[in-house]
Amino acid sequence: MNKIVQTAITPTREEDYPEWYQQIVKASDLAEKSPVRGCMVIKPWGYALWENMVRVLDEMFKATGVKNAYFPLFIPLSFLEKEAEHVEGFAKECAVVTHHRLEKGADGGLVPAGKLTEPLVVRPTSETIIGDSFAKWVSSYRDLPVLINQWANVVRWEMRTRTFLRTSEFLWQEGHTAHATAEEAMERTRQMLGVYATFVEEYLAIPVIQGEKTPSERFPGAVDTLCIEAMMQDRKALQAGTSHFLGQNFAKSSGIRFQSATKQEEYAWTTSWGASTRLIGGLIMTHGDDDGLIMPPRIASAHVVLLPIIRKASERQSVMEYVGQLADALREKVYGGRRLVVEIDDRDIGGARGWEWIKKGIPIRVEIGPRDIAADSVFFARRDGAHQEKQSLKRPDFLEKISEILDQIQANLFARALRLRKDHTVCIDDQDEFNRFFTPQNPEKPEIHGGFSLSRWCGSAECEAETKERLMVTIRCIPFEKGPNEVGPCVCCGRPSDRRVIFAKAY
RNA sequence: CGGGACAUGGCUCAGUCUGGUAGAGCACAGCGUUCGGGACGCUGGGGUCGCAGGUUCAAAUCCUGCUGUCCCGACCA
């Protein structure tokens, strides 16, 4: 009977990280598999998290002058064909609509009928169709800049999917802007990357490194791609947001032209930038532990769960009344720009009830029983602490300190994640050491190993490709923040270089 | 798209080798006892064994094909 379970999630991160990820998604009630290949059902607990992300990001975008709009899900094939690199980049993963009607087939089933004259591509991204609109909207430099964002779903027919990290359909926002000068467009590209970095660090409590992609890792059709990279607990890198300077590539293919102040006809300079439901995957892999998810308070689906302890039926009414009043008082409080979200769970399912909320990652669990009511105090546990660590506060003190406690959790999660990244970020100059760093002890079932290596790179695509081929390690970014600039050998070919880049295995 | 593993109730799995009418634990529903860290008893509901063929008196079990899932690659947010 004494089944001793040490962790709520099996296996642990250490035992089998990919499997732990699958299990935590299930146990935390964020999402589940759908009948559709590669697509997920985002459940209310997960969607609330997304809604919070949307709300905060949307405000941040608007604060920079961006306005929302919506463009079609379907993109004419001919649009996609306009930009050569773009086609090449996305052609392999496009879902294509070819018919517009279903008819009864011979075997009683439905078969597509009514072939379209031009196939429609389900948007993998919207540069081309938004470019078409921009071309109509822009005729003079006075029309610029155009600053647009859309919240949408996109489809990329992936070969291998992982819930939240890579699904065939996902939710995201894509910002698209057009400017009169390259400088202004480049500035916007950087600005939006900064928005992502601020959002991910301050709300998701995920430390990121801002940098520039190498040419081989650029968005198809971009002149320059900027990104934020985060380290997950298995020490692999996750790209958490990207911002692209598209030069005049899409302006030329879509015909976004304007007359300048000096009466010259010029092509506009465009940018695009996006962040997706993948951020939820990043949040899970940054903060989750072997007991389940841990949600940073500022983005959490809910902040507090109240768990009434009812020993006798006769106590029920008084306990529930007290709990209801505490909930009301908490809901008056504003934290991180929104009112506290409080759940009350009075199900009679024993200790399993508390564990469910641990797995769901709610920041604070409160137990309210007759003893607490008698003392007018609140007995609570923080999700960022050990599950048996609980403290008691007088109710007025709890109400007064709740924001402070949530802030502590938020700060603690960020500090922990930053610590992990620091502990596994190294400067490697020697090639043998580099190889050892990225080679698992057990190649059959690789253990958690490696991390971020700040190593010199000569700048050649060959060295990049060779490293990827040999070790499955790629250059995640060329960080904006320059390290020590002394010249030394490229970690791959030995040619001199003063540029350190982040090498890592990636999602 | 290559290489491997797997597919039996909501979940985890047994049963497959050796063919003979579908099982367990957990979860779920009802009742009672419980409740401050993964409760217990009784009762009950729920599965055309991934799909399609084939062999056979008889298929979860043997054979063929397909589909899906997971892991490892290639590709990508």
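If you're wondering where the values come from, they're calculated on a predicted model, not measured in any experiment. Protein chains get the first letters and strands the later ones, always in sequence-line order, with residue 1 at the start of each.
Other residues, nucleotides and ligands contribute over 12 non-hydrogen atoms within 6.0 Å of the CH2 atom of A:Trp151.
Here B:rU33 sits opposite B:rA39 as a Watson-Crick or G-U wobble pair (both hydrogen-bonding atom distances under 3.5 Å). In a base pair of the Watson-Crick type (N1 to N3 plus N6-O4 or O6-N4) or a G-U wobble (N1-O2 and O6-N3), with each distance short of 3.5 Å, B:rC49 is matched with no nucleotide. Pairing partner, B:rC1: B:rG73, with both Watson-Crick or wobble hydrogen-bond distances short of 3.5 Å. B:rU12 and B:rA24 make up a base pair, with Watson-Crick or G-U wobble contacts both under 3.5 Å. Checking B:rA7 for Watson-Crick or G-U wobble geometry (two distances, each under 3.5 Å) identifies B:rU67 as its partner.
In this structure, CD1 of A:Ile228 is placed 11 Å from C1' of B:rA77, rounded to the nearest angstrom. The separation between A:Leu307 atom CG and B:rG38 atom P is 14 Å, rounded to whole Å. Atom-to-atom, CG of A:Leu165 to P of B:rC71 comes out at 11 Å; the value is rounded to the nearest Å.
Ion pairing of A:Arg383 with A:Asp289 is present here, as a side-chain N (NZ or NE/NH1/NH2) and a carboxylate O approach within less than 4.0 Å. Look at A:Glu356 and A:Arg347 and you find a salt bridge, because one of the NZ, NE, NH1 or NH2 atoms lies within 4.0 Å of a carboxylate O, short of that distance. The pair A:Glu32-A:Lys43 meets the salt-bridge criterion, with a side-chain N (NZ, NE, NH1 or NH2) lying under 4.0 Å from an Asp/Glu carboxylate O. Salt bridge A:Arg476/A:Glu217: present, at least one basic N to carboxylate O contact under 4.0 Å.
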Would A:Phe90 and A:Phe219 satisfy ring pair (Phe, Tyr, Trp, His ring centres under 6.0 Å), going step by step from the backbone distance to the final call? CA-CA 10 Å; A:Phe90 285 105; A:Phe219 175 76; 5.8 Å; yes
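A cation-pi contact links A:Arg162 to A:Tyr21, judged by a cut-off of 6.0 Å to the six-membered ring centre and 45° from its axis. Under a cutoff of 6.0 Å and an axis angle of 45°, A:Lys394 and A:Phe398 do not form a cation-pi pair. Cation-pi contact between A:Lys92 and A:Trp157: absent, since separation from the ring centre below 6.0 Å together with deviation from the ring axis within 45° is not met.
Between B:rC75 and A:Lys468, a contact under 4.0 Å exists linking OP1 or OP2 to a side-chain N or O. Contact annotation: A:Arg160 does not reach the phosphate of B:rA74 (side-chain N/O to OP1 or OP2, under 4.0 Å). Listed pair A:Lys92 / B:rC1 fails the phosphate criterion, with no side-chain N or O lying under 4.0 Å from OP1 or OP2.
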At a cut-off of 3.5 Å, list every protein nitrogen or oxygen paired with a nitrogen or oxygen from nucleotides 7-11 of chain B, distance to 0.1 Å.
none

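The side chain of A:Glu367 has B:rG36 as its nearest neighbour among B:rG38, B:rG36, B:rA77. Residue A:Pro18 has its side chain nearest to B:rC72 when only B:rA39, B:rG36, B:rC72 are considered. With B:rG38, B:rC71, B:rC1 as the choices, the nucleotide that has an atom nearest any side-chain atom of A:Gln22 turns out to be B:rC71. Across B:rA39, B:rA77, B:rG36, the shortest atom-to-atom separation from the side chain of A:Ile309 is found for B:rG36. For A:Ala8, counting side-chain heavy atoms from C-beta on, the closest listed nucleotide (B:rA77, B:rG38, B:rG36) is B:rG38. Closest contact between the side chain of A:Met472 and the listed nucleotides B:rC76, B:rG36, B:rG73 involves B:rG73. Each of B:rG36, B:rC70, B:rG73 was ranked by its minimum atom distance to the side chain of A:Arg311; first place goes to B:rG36. Of the listed nucleotides (B:rG38, B:rG68, B:rA77), B:rG68 has the atom at the smallest distance from the side chain of A:Arg37.
Mapping A:Ile368 and A:Leu238 onto RNA chain B by nearest heavy atom places A:Ile368 at the nucleotide closer to the 5' end. Heavy-atom distances to RNA chain B give each of A:Lys33 and A:Ala381 a nearest nucleotide, and the one nearer the 5′ end belongs to A:Ala381.
B:rA5 sits 32 Å from B:rA77 when the P atoms are compared, rounded to a whole Å. Across B:rA60 and B:rG41, the matching P atoms stand 34 Å from one another, rounded to whole Å. Taking atom C1' in both B:rG53 and B:rA59, one finds a spacing of 13 Å when rounded to whole Å. Taking atom P in both B:rG3 and B:rG65, one finds a spacing of 14 Å when rounded to whole Å. If you take atom C1' in B:rU21 and the same atom in B:rG10, they sit 25 Å apart, rounded to whole Å. Atom name P, nucleotides B:rC62 and B:rG47: the rounded distance is 25 Å, in whole Å. Here, B:rG68 and B:rU8 have their C1' atoms 16 Å apart, quoted to the whole Å. If you take atom C1' in B:rG32 and the same atom in B:rA24, they sit 25 Å apart, rounded to whole Å.
You won't find any donor-acceptor pair under 3.5 Å spanning the side chain of A:Arg156 and the base of B:rC76, going by distance alone.
Residue-level contact check: A:Gly38 touches the backbone only, with heavy atoms under 4.0 Å from sugar-phosphate atoms and none from bases.
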